[in-house]
Amino acid sequence: MKNPIRVAVTGAAGHIGYSLLFRIASGAMFGPDQPVALNLIEIEPAMKALKGVCMELDDCAFPLLKDIVATSDLEEGFKDVNWALLVGSVPRKAGMERADLLGINGKIFVGQGKAIAANAAPDVRVLVVGNPCNTNCLIAMKSAPELPANRWFAMTRLDENRAKTQLAQKAGVDVTEVSNVAIWGNHSPTMFPDFYNAKIGGKAANKVIADEAWLKETFVPTVGKRGAAIIEARGASSAASAANAVVDTVVSLTNPTADGDWYSVCIPSQGEYGTEAGIMCSFPIRTKADGSYEVVQGLELNDYSKGMVQKSVDELVGERSTVQELNII
Ligand SMILES: NC(=O)c1ccc[n+]([C@@H]2O[C@H](COP(=O)([O-])OP(=O)(O)OC[C@H]3O[C@@H](n4cnc5c(N)ncnc54)[C@H](O)[C@@H]3O)[C@@H](O)[C@H]2O)c1
Ligand SMILES: O=C(O)C[C@H](O)C(=O)O
């Protein structure tokens, strides 16, 4: 019997948490023969709701779920965790952009970063989902200088998945035909879903969908503003699809990537493709056979693509300046 992988989830009683926990406990994240333990972290007012979620987890009798810790104490919550999924934060409401959330949510991630560094397992990896996720992750990382930079991730997989479906629907093919979708930059409307390097049935997406105007003027903004469109339609931000993207991200980070393909996740930039070093930037990533990851090298970015990436990078640099000015980092 393998040792359980211990996973902390903050905001565990929230909407994403409610979709995510059951997927982790069922084996969707780490596989059907890997036991898991859940450390569920909430703020005090949500502890009653979290108790109800724990009761439901119990009532599933998941064979792989070996332990549940439910707490509002960060030290206890991050104790010995191998993964920290930082979901909890105040979600964006209609009319707000992610930058509006920086001041509100930024401070949460200082305390969480410190508590992770002090309590988590030596191999801990951290995925930030709570928005603005790139800069929240930067804040947590800066608050935990003891941990190597390659342990920190922020989520753009939902954007990648959205882009895949938009391309598949336009091309009239099954979504499994779409591969190599890179999201560059920030998880925000400025992100660049790279349709030039994406493939449909192994061919360049912009050759299969030979409609540059649609790609630039419909596809890119549809993907970029999909979060807002969902808030508008549902009256609440995406939850089940976000939880699904969390599962996909961890699966991709923990399994070698199929030959020739890549996936998107934000990592601390080392200046790849001319991006500003130090920001949390989304890149095309591959997981190697030894479990480490690498940024895919040598992709061509034309002047339009470079401009799009730069716009999103500039936004991230601006977010970093904002949290520096607020003395959060
Ligand atoms: N990166 C992405 O692709 C993506 C996609 C969807 C949503 N999000 C973001 O995920 C976050 C969560 O969304 P949701 O729909 O689950 O929101 P929600 O309001 O339903 O749940 C958030 C939960 O976090 C808890 N919380 C707040 N502060 C906390 C703290 N300091 N510690 C622990 N828990 C805390 C709240 O009590 C609440 O239960 C939001 O910031 C949202 O914008 C990101
Ligand atoms: O857009 C939001 O605020 C929610 C989330 O980040 C999303 O992309 O659905």
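Indexing begins at 1, ligand by ligand and atom by atom, following the structure's order.
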Enumerated ligand 1 atoms positioned under 4.0 Å from heavy atoms of Q112:
32 (N)

Considering only protein heavy atoms, which is closest to atom 20 (O) of ligand 1, and at what distance to one decimal place?
H15 ND1, 2.6 Å

Numbered atoms and elements of ligand 1 in range of G11, under 4.0 angstrom, heavy atoms
23 (C), 24 (O), 25 (C), 33 (C), 34 (N)

Top protein contact for atom 30 (C) of ligand 1, by heavy-atom distance:
I43 CG2, 3.5 Å

In the protein, what heavy atom is nearest to atom 10 (O) of ligand 1, and what distance, to one decimal place, separates them?
I16 CD1, 3.4 Å

So, does R157 use its side chain to make a donor-acceptor pair with the main chain of V246 at under 3.5 Å?
no

Considering only heavy atoms of S237, which atoms of ligand 1 have at least one such atom less than 4.0 Å away?
15 (O)

Looking only at heavy atoms, which two atoms of A12 and L21 are closest? And how far apart?
O-CD1, 3.7 Å

If you compare G14, A13, A46 by their heavy atoms, the one closest to atom 21 (O) of ligand 1 turns out to be G14

Taking 4.0 Å as the limit for heavy-atom contacts, which would you say applies to N131 with ligand 2: side chain only, backbone only, both, or neither?
side chain

Indicate, as side chain, backbone, both or neither, the part of I231 found under 4.0 angstrom from ligand 2 when only non-hydrogen atoms are considered.
side chain

What I want to know is whether A242 and ligand 1 share at least one N or O pair that is separated by under 3.5 angstrom.
no

Quick one: closest heavy-atom pair of F195 and A205, and the distance?
O-CB, 3.5 Å

The protein heavy atom nearest to atom 44 (C) of ligand 1 is V129 O, 2.9 Å

Within a distance under 4.0 Å of any heavy atom of G227, pick out the atoms of ligand 2 and give their elements.
1 (O), 7 (C), 8 (O), 9 (O)

Quick check on ring-ring contact (aromatic ring centres under 6.0 Å, His included): which of Y273, W262, Y196 does W184 satisfy it with?
Y273

Select the closest option to atom 42 (C) of ligand 1 among N131, N136, T156, judged by heavy-atom distance.
N131

Considering only the protein, which heavy-atom contact is closest to atom 39 (O) of ligand 1, and what is its distance?
E42 OE2, 2.5 Å

Looking at H187, which atoms of ligand 2 are within less than 4.0 Å of one of its heavy atoms?
5 (C), 6 (O), 7 (C), 8 (O)

Atom indices of ligand 1, in the order listed, that fall short of 4.0 Å to a heavy atom of S238:
5 (C), 6 (C), 7 (C)

Using atom types as modelled and distance alone, determine if a side-chain donor or acceptor of R234 lies under 3.5 Å from a backbone N or O of S237.
yes

Should the proximity of H187 to ligand 1, defined as any heavy atom under 4.0 Å, be assigned to the side chain, the backbone, both, or neither?
side chain

Is the closest side-chain donor-acceptor distance between N197 and N180 under 3.5 Å?
no

Apply side-chain hydrogen bond (donor to acceptor under 3.5 Å, both in side chains) to T176 and D174, showing your working.
CA-CA 5 Å; T176 56; D174 192 84; 2.6 Å; yes

Top protein contact for atom 17 (O) of ligand 1, by heavy-atom distance:
P91 CG, 3.6 Å

S238, any N or O under 3.5 Å of ligand 2 N or O:
yes

When you measure from atom 7 (C) of ligand 2 to each heavy atom in M191, R162, K225, R226, which option holds the nearest one?
R162

Describe, in one word, how the ring planes of F30 and W83 are oriented to each other, choosing from parallel (under 30°), tilted (30 to 60°) and perpendicular (over 60°).
tilted

As an exercise, identify every atom of ligand 1 less than 4.0 angstrom from a heavy atom of L158.
3 (O), 5 (C)

Any Lys/Arg nitrogen of E160 or K164 sitting under 4.0 Å from an Asp/Glu carboxylate oxygen of the other?
yes

Looking at atom 31 (N) of ligand 1, what's its closest protein heavy atom, distance included?
I108 CG2, 3.3 Å

Any donor-acceptor pair under 3.5 Å linking the side chain of D159 with the backbone of V223?
no

Backbone or side-chain N or O of G88 under 3.5 Å from ligand 1 N or O:
no

Taking a cutoff of less than 4.0 Å between a non-hydrogen atom of the residue and any ligand atom, is S89 in contact with ligand 1?
yes

By number and element, which atoms of ligand 1 are closer than 4.0 Å to a non-hydrogen atom of C133?
1 (N)

Does any donor atom in the side chain of S241 or N244 lie under 3.5 Å from an acceptor atom in the other side chain?
no

If you look at every heavy atom in A115 and F78, which pair is closest and at what distance?
CB-CD1, 3.8 Å

How about D73 and T71: does a side-chain donor come under 3.5 Å of a side-chain acceptor?
no

Salt-bridge criterion met for D314 and K311 (N-O under 4.0 Å):
no

Donor-acceptor side-chain pairing of Q166 and T222 below 3.5 angstrom
no

Atoms of ligand 1 close to V87 [distance to a heavy atom under 4.0 angstrom, numbered from 1]
10 (O), 11 (C), 12 (C)

